[in-house]
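Note that the structure is predicted; figures quoted are calculated from it, not measured.
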Amino acid sequence: MTIVGCSGPERDPYTAGMSLDHDFLLGDLTDAQREAVTHVDGAALVLAGPGSGKTRVITRRIAYLVSLGVPAWQILAVTFTNKAAGEMRDRVEHLLPVDLPGRRGLTVATFHGFCARLLRDHAAAAGVSPDYSIYDSGDQRTAMKQALERAGLDPSNWPPQSMLSQISQAKNALQSPDDFRAEADDFHARMVAKAYDAYQAILERNHAVDFDDLLRHCATLLRNDGQVRGELQNRFRYVLIDEYQDTNHAQFVMANAIAAAHGNLFVVGDPDQSIYAWRGADIRNILDFEEHHPGAITIPLGRNFRSTGHIVQAASSLISNNRRRKAKELTTELEEGAPIRVVRLADEHQEARHVVDRLKALSEDGVPWRGMAILYRVNALSRVLEDQLRREGVPYAIARGTAFYDRKEIKDAMAYLRMLANPADDVAFRRIVNTPARGIGGSTIKRVEAAAAASGRSLAEACGDESLLGEVATRSRKAVLGFAAIVAGWRQELAAGDSTGLGDLVSRVLRESGLERPEGAFESEDERQRQANLAELVSAAGDFVAPSMEETETGTVTLAIALREYLESVALVSDADAIDSGSGVVTLMTLHAAKGLEYHAIAMVGVEDGLLPHSRARDSELELEEERRLCFVGMTRAERELLVTSASIRTIRGMRQATIRSQFLEEIPDEHCERHDFGDSWGDDAGGGSEDGGYRVELEDDPGDGLADAFKAGTMVRHAQFGTGVVATFTPRGRVHSVVVDFKVVGRKTLVLEYAKLQRVQF
DNA sequence: CCCGCACGCCTTTTT
DNA sequence: GGCGTGCGGG
Ligand SMILES: Nc1ncnc2c1ncn2[C@@H]1O[C@H](COP(=O)(O)OP(=O)(O)OP(=O)(O)O)[C@@H](O)[C@H]1O
């Protein structure tokens, strides 16, 4: 999914029949790529392996269409992450002359982002409220628990998580609660149907949709509402979709509905990279494309421009073990390159050491940190790696899009904003009505809830209506009315302001809610961190550019719209969005998040039976093959260096266990690897050349020594919020250590080392 | 009404 | 090993 390389396309003024513009767009493409890019009308499928330029083809084709005179606003391109969308938009903009008419207004979005907007614009037709909230998985669980209670189902027999995933499957298949109930023919299914009914009723009452609803409502709308469908068909004359192998039924329906009028549907993908079947992706969407679109042309791309020979061949061999698959040839344009290093280490600590040592060696050879990534099957594996990277002073970042928004204080703040944007959102309101504590406890809320239910109002409304609070104790009633008055003040500001006031609104809400505390002398380090996070939120909101601001003359929109779009963008961030390619750090992420990316050097850790393939996905051949594809995706992210590691002993969920070799390692032919087995070496040269073999063990016995050395006075460090600074003092404090750091920007701070996640910075 | 602690379950992957 | 839930004390 990486976009075209930095080297500019070659110009060849002698190519006949091409204008200069087209030569610029097409000159550096292969014949097959050029055929795909210059395909104009009708359905087309680009079916090709990793690194063959599929994403590049999409980007170029958009630019090509615009250069032919198709206005950009008639083009819809769908990518897998917001980040990919942003990069594609930038790339297209760079490819087009600044004065080209019709270059503005291109839509590049993820399916979810596109649907969120569509649903807002056509709320009434879709049967949702225009102020709807998007529920994240936490909210979904809260709603499901309520639903189970309402439906009289015991959560210990009907686990909310399992109910939700079954409902999610139904939604991806575009089944409404009614459809689902109609098909439920055994006891279990009928109970799920009951839960689905109750759950959906709760979402509706709260004016909320979950992630699946975004797609389902839009797909249903496009399928059933000729008016809206016609509007979109008219607007989007060309539809392009990246990573088509991982679309689900709802997305399939949407794509077809929009393209039905003109048939200009251009999809690219690789069935061998389909890794989301577990959440409803249907590989048949791409395999049966020609059946769905008679007359479609299929263009294979067979040349890999990303990875060197050993990597491409090893990955090809691995994936050829999948039986349900059409064989596909892939040859690299590059040289043989280095063989893959397949290394077994004694345990996860040795593994981390080995990986980090290897990355440091590459760095010394001139590979920038940002050209390296560490991939793993499960998030839990990141921890040991992080520790080792920090110890060694290697700058790194974890690709977790929602990391910032996962913090409790930020979730609370977001709940405040959400209940402002959507007064019907009782889930958000309940979360914050007594956070921070203001004397509105459980029994009070129960009474208000009863009154709200009886009068058909939302919780927030009921709180402001004294006539409904008769059952509430006088003292509590005062607290409730007081809070309602504060909220009313915020609502006024929200209704009156414009988008320039978003930062101020957030700041005011934090202050008046009491989440933000006045500077106190005896604040704990934790509390200080929370306050810093809240301040960060204010500045993020202040910096936020609402997408619709760019569509207006003045560059501003109403505050209500800006807030909505802010909440929307936060709800829809993906893990890969967190990657900042300009930041010069090693990236850690799951194999799933790595889809579409590429790095000079890749380390894949934890390639053991039970992790890859994962123990929960080993039972069926289908799942095993998806695991193999995941391994394939990981390997093919590497341009030149690929390190694949495993540990012979690993601690999982607190249990130290001997591991079993992954069958995938055996499926990589020996001629493409260099295998090393340090599985029985403890603390000797297994780390790959470092001399202080006993370092780790020493550290475990006495963490103080290693840390004292690593963070002694004078060490340059980086902190996520405070930036860079120099350690002034290092003091053991019982089981932890406190460091005083003089930061360049914010001055002197005292931090708890174990908490602050300081990274050493090298000069 | 708030907070702290113990127990039990578990995450595979994500928009 | 970590998190969420539920219970009990202040
Ligand atoms: N014709 C070409 N000449 C030179 N480099 C190319 C060419 N086509 C693609 N590339 C480069 O190859 C790399 C992979 O391209 P791209 O990301 O578009 O492939 P992809 O098929 O989308 O891969 P994946 O399926 O793995 O996501 C990129 O760095 C791209 O710049």
**Asked** Does A/Leu572 or A/Val378 map to a spot on DNA chain B nearer the 5' end, using the closest nucleotide for each?
**Response** A/Val378

**Asked** Of A/Ser615 and A/His112, whose closest DNA chain B nucleotide lies nearer the 5' terminus?
**Response**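 Going by which nucleotide is closer to the 5' end, it is A/Ser615.
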
**Request:** Could you list all the salt bridge (charged side-chain N to carboxylate O under 4.0 Å, His left out) pairs where at least one residue sits in residues 133-148 of chain A, not counting sequence neighbours?
**Result:** A/Asp139-A/Arg418

[X]: what forms a side-chain hydrogen bond (donor to acceptor under 3.5 Å, both in side chains) with it, not counting sequence neighbours?
X	result
A/Glu565	A/Arg120, A/Ser548
A/His207	A/Ser129, A/Asp131
A/Asp609	A/Arg618
A/Thr220	none

**Request:** Verify whether the ring centers belonging to A/Phe80 and A/Tyr276 lie closer than 6.0 Å.
**Result:** yes

Got a sec, which residues hit salt bridge (Lys or Arg N to Asp or Glu O under 4.0 Å) with [X], two or more places apart in sequence or on another chain?
X	answer
A/Asp580	none
A/Lys171	A/Asp210, A/Asp213
A/Arg447	none
A/Arg325	A/Asp272

Pick base, sugar-phosphate or nothing for [X], based on heavy-atom distances below 4.0 Å to the nucleic acid.
X	result
A/Asn379	sugar-phosphate
A/Asp575	sugar-phosphate
A/Tyr276	sugar-phosphate

Provide, to the nearest angstrom, the distance between the [atom1] atom belonging to [X] and the [atom2] atom belonging to [N].
X	N	atom1	atom2	answer
A/Tyr135	B/dT15	OH	C1'	18 Å
A/Asn248	B/dT14	CG	C1'	12 Å
A/Arg279	B/dT14	CZ	P	9 Å
A/Glu243	B/dT15	CD	P	13 Å
A/Asp136	B/dT15	CG	P	12 Å
A/Lys446	B/dC1	NZ	P	10 Å
A/Phe80	B/dT13	CZ	C1'	11 Å
A/Asp246	B/dT15	CG	P	12 Å

Counting only side-chain N and O atoms of [X], is one of them less than 4.0 Å from OP1 or OP2 of [N]?
X	N	result
A/Thr590	B/dT14	yes
A/Ser574	B/dT15	yes
A/Asn172	B/dT15	no

Below 3.5 Å is the cut-off: list the nitrogen or oxygen pairs between protein and nucleotides 2-4 of chain B, distance only.
residue, atom, partner, partner atom, Å
B/dC2, OP1, A/Asn434, ND2, 2.5

**Request:** Using a strict 4.0 Å threshold on nitrogen-to-oxygen distance, state whether A/Glu386 and A/Arg383 make a salt bridge.
**Result:** no

**Request:** Indicate the ring-plane relationship of A/Trp278 and A/His592, choosing parallel, tilted or perpendicular according to the 30° and 60° boundaries.
**Result:** perpendicular

Which pairs, protein N/O on one side and nucleotides 5-11 of chain B N/O on the other, fall under 3.5 Å?
none

**Message:** Ring centres within less than 5.5 Å and planes less than 30° apart: is that true of A/Trp278 and B/dT13 in this structure?
**Reply:**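 Stacked: centres under 5.5 Å apart, planes under 30°.
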
**Asked** Can you give the first and last nucleotides of DNA chain C, 5' to 3', that have an atom under 4.0 Å from a heavy atom of chain A?
**Response** C/dG1 to C/dT5

